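Just below is one structure, and these are the notes that go with it.
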Amino acid sequence: MTVVRYEPAAGVRRVARDWNPPTEIREHAEGFVIELDVPGYARDDIKIKVHEGMLTVTGERKRPETDDKYYNYSERNYGEFSRSYNLPDHVDGETISAEYNHGVLTLHIGKKEAAKPHTIEIK
Amino acid sequence: MHCNEEVFTMLPELWRSKGLDFGPSVDDFVERFFYGWPGREKGGEVNWSPRVEVLEGEKNVTIDVELPGVDKKDIKVEVKDNTLTMSGERKRNEEYATAECCRSERLYGKFVRSFSLPDTVQADKIEAQFKNGVLSLVMPKNEKAMPKEITISVK
């Protein structure tokens, strides 16, 4: 079962997105782990929403205004990012948890009990 | 989507700042061209280049390097002959090492970046801080580089 990125309005209007943080999605027996590389953000700048089977992560970081300093050179991404994921049916939307450590946003999504691997005994 | 040669000579950020936006697939393609290619299923073990930002102030020069998911002990910062070299390795998260990888856009492996420091900074007084995946290197400027006011004496 693959979790695919879904951009709902890609064809209709431009989704607010200045850059795409690199993402890694992994599946294990208990659920999924989605990790986004978003270094240098404050916890409040990142928003995670779940709605009708779609998980959306958005964030915004503005270039800090500085009077006494100037940017000599910059490769960093500023602005908004937005990534959406279609949650498959066997995922439990209630069990989503998120943490932000070392510049990486980690989302844990649990699978429904019925979807976890079961061993069946032969009587 | 057809890219011509001219596009490849510009960094993605310069490209976007001029108002050109071809959408996520081409953006990602050009970014990989400059910053490294990941592998197919798993994150590729290649030499990658972390993004860097240089800020110059009156008293300090600050270099910010984006290193998300890198352990502090895997980063090495060295100064030699006015060249600042920052190197290290990004290792996979062992916690889910046995999990299957559905999709990865990340780069793992070794990284190196060097900077030539100008005479105006004191290379031996660098301070390094690592917060939220961003390594900040702050270097104070020399006395002679700071702006000084010269009073004109009238005789």
Side-chain angles (χ1 to χ4, degrees), chain A residues 1-5 7 10-11 14-15 17-43 45-46 61 63-64 66-79 81-85 88 100-106 108, chain B residues 11-14 16-17 21 23-25 27-28 31-32 34-35 38 42-43 48-72 90 92-93 95-108 113 115 130-136:
Chain A
M1 188 66 223
T2 48
V3 177
V4 295
R5 181 179 66 189
E7 278 176 340
R14 188 167 175 269
V15 177
R17 184 212 74 244
D18 292 315
W19 69 291
N20 268 334
T23 307
E24 190 168 272
I25 305 175
R26 279 184 269 195
E27 178 176 1
H28 55 97
E30 304 289 311
F32 288 90
V33 179
I34 302 181
E35 290 183 313
L36 284 91
D37 290 346
V38 284
Y41 273 70
R43 215 166 284 246
D45 291 333
I46 305 174
R61 177 175 63 182
R63 206 177 273 278
T66 49
D67 286 330
D68 58 338
K69 294 188 202 172
Y70 65 92
Y71 287 88
N72 210 322
Y73 176 74
S74 177
E75 294 164 356
R76 293 179 77 179
N77 285 305
Y78 288 95
F81 74 85
S82 172
R83 294 199 85 149
S84 297
Y85 305 95
Y100 182 57
N101 279 326
H102 300 303
V104 177
L105 176 72
T106 308
H108 293 272
Chain B
L11 280 176
E13 292 77 21
L14 296 174
R16 254 181 248 134
S17 71
D21 183 13
S25 56
D27 270 358
D28 290 343
E31 286 210 7
R32 297 299 173 224
F34 286 99
Y35 296 108
K42 307 182 191 179
W48 60 287
S49 208
R51 291 168 185 272
V52 147
E53 190 172 70
V54 180
L55 281 121
E56 186 158 345
E58 256 183 42
K59 298 200 180 124
N60 290 322
V61 173
T62 307
I63 300 181
D64 282 334
V65 188
E66 286 191 346
L67 298 169
V70 180
D71 212 340
K72 196 160 73 167
R90 178 173 191 179
R92 288 175 173 282
N93 189 349
E95 199 180 341
Y96 299 106
T98 52
E100 284 169 31
C101 206
C102 299
R103 179 197 170 97
S104 179
E105 295 160 1
R106 270 185 170 169
L107 303 170
Y108 290 97
R113 281 203 84 151
F115 309 93
F130 192 44
K131 190 184 166 196
N132 278 348
V134 178
L135 175 71
S136 271

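Proteins get letters first, then strands, A, B, ... in listed order; numbering begins at 1 in each. From a predicted model like this one, the values you see are computed outputs, not experimental measurements.
- Looking at every heavy atom in both residues, Pro39(A) comes nearest to Gly133(B) through CB-O, 3.7 Å.
- The existence of a salt bridge linking Arg61(A) and Glu66(B) is confirmed by a sub-4.0 Å separation between a basic side-chain nitrogen and an acidic carboxylate oxygen.
- Between the side chain of Arg51(B) and the backbone N or O of Glu75(A) there is at least one donor-acceptor pair closer than 3.5 Å.
- How far OG of Ser74(A) is from CG of Asp64(B): 9.0 Å, rounded to the nearest 0.5 Å.
- Atom CG of Leu36(A) sits about 8.5 Å away from atom CZ of Arg106(B), to the nearest 0.5 Å.
- Looking at Tyr100(A), the atoms closer than 4.5 Å to chain B (heavy atoms on both sides) all sit in the side chain, from C-beta outward.
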